[in-house]
Amino acid sequence: AHQTFAAAFCRAVFARMGQVRLYVKGAILGYKRSMAQQQTNTSLLKIQGVNKKPDTEFYLGKRIAYVYKGKKADKDGKKHRVIWGKVTRPHGNSGVVRAKFRRNL
């Protein structure tokens with residue numbers, strides 16, 4: 001009975017929305033740090049809609065894309081650039097996660 005409810009709920013939501021968003025927005029809070037130093041190889045991220053530590057478990061190991069706009073177009077004629085990363089672990093109890101990127105932000 002639970003699966004049929006979930007399937008019916010998903011169909012109703014998809015029919016209402018029209019399309020499905022396969023990403024979640026987030027904000028970069030800064031770097032992992034101590035009182036005197038900061039470790040720039042690990043960034044702290046606040047994911048939208050994640051407010052508690054148990055909610056972060058879904059995102060552990062997921063890929064992150066930091067998308068930004070450059071001044072000049074690259075050789076393909078695109079101005080948007082991406083730095084890829086991965087969620088490594090939770091940070092604290094308020095839904096913040098730690099992430100490592102290929103190039104430090």
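Within a 6.0 Å radius of CZ in Arg103, no more than 12 heavy atoms belonging to other residues, nucleotides or ligands are found.
Put simply, Tyr66 and Val87 are part of the same group of oily side chains (I, L, V, M, F, W, Y) that touch within less than 4.5 Å, one to the next. Residues Val67 and Leu45 do not share a hydrophobic cluster, defined by chaining ILVMFWY side chains whose heavy atoms lie under 4.5 Å apart. Hydrophobic clustering, with ILVMFWY side chains joined whenever heavy atoms are under 4.5 angstrom apart, groups Leu60 together with Ile28. Both Phe101 and Tyr59 sit in one connected hydrophobic cluster of ILVMFWY residues. Membership requires side-chain heavy atoms under 4.5 Å apart, directly or through other members. Under a hydrophobic-cluster definition in which Ile, Leu, Val, Met, Phe, Trp and Tyr are linked whenever side-chain heavy atoms come within less than 4.5 Å, directly or via other members, Leu105 and Val24 are assigned to the same cluster.
Taking the ring axis of Phe58 as reference, the NZ or CZ atom of Lys62 stays within 45° of it and closer than 6.0 Å to the ring centre.
Atom-to-atom distance recorded for Asn104:CG and Thr40:OG1 is 4.5 Å, nearest 0.5 angstrom. The OG atom of Ser34 lies 5.5 Å from the CD atom of Gln39; values are rounded to the nearest 0.5 Å. Rounding to the nearest 0.5 Å gives a distance of 8.0 Å between OG1 of Thr56 and CD1 of Ile47. The distance from the CD atom of Gln48 to the OH atom of Tyr23 is 9.5 Å, given to the nearest 0.5 Å.
A side-chain donor-acceptor contact under 3.5 Å links Lys46 to the backbone of Val50.
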Run the side-chain contact (heavy atoms from CB on, under 4.5 Å) check on Val97 and Leu44 step by step: do they pass? CA-CA 6 Å; Val97 294; Leu44 301 178; over 6 Å; no
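Applying the side chain to side chain donor-acceptor pair (under 3.5 Å) rule to pairs touching residues 74-99 yields His91-Arg98, sequence neighbours excluded.
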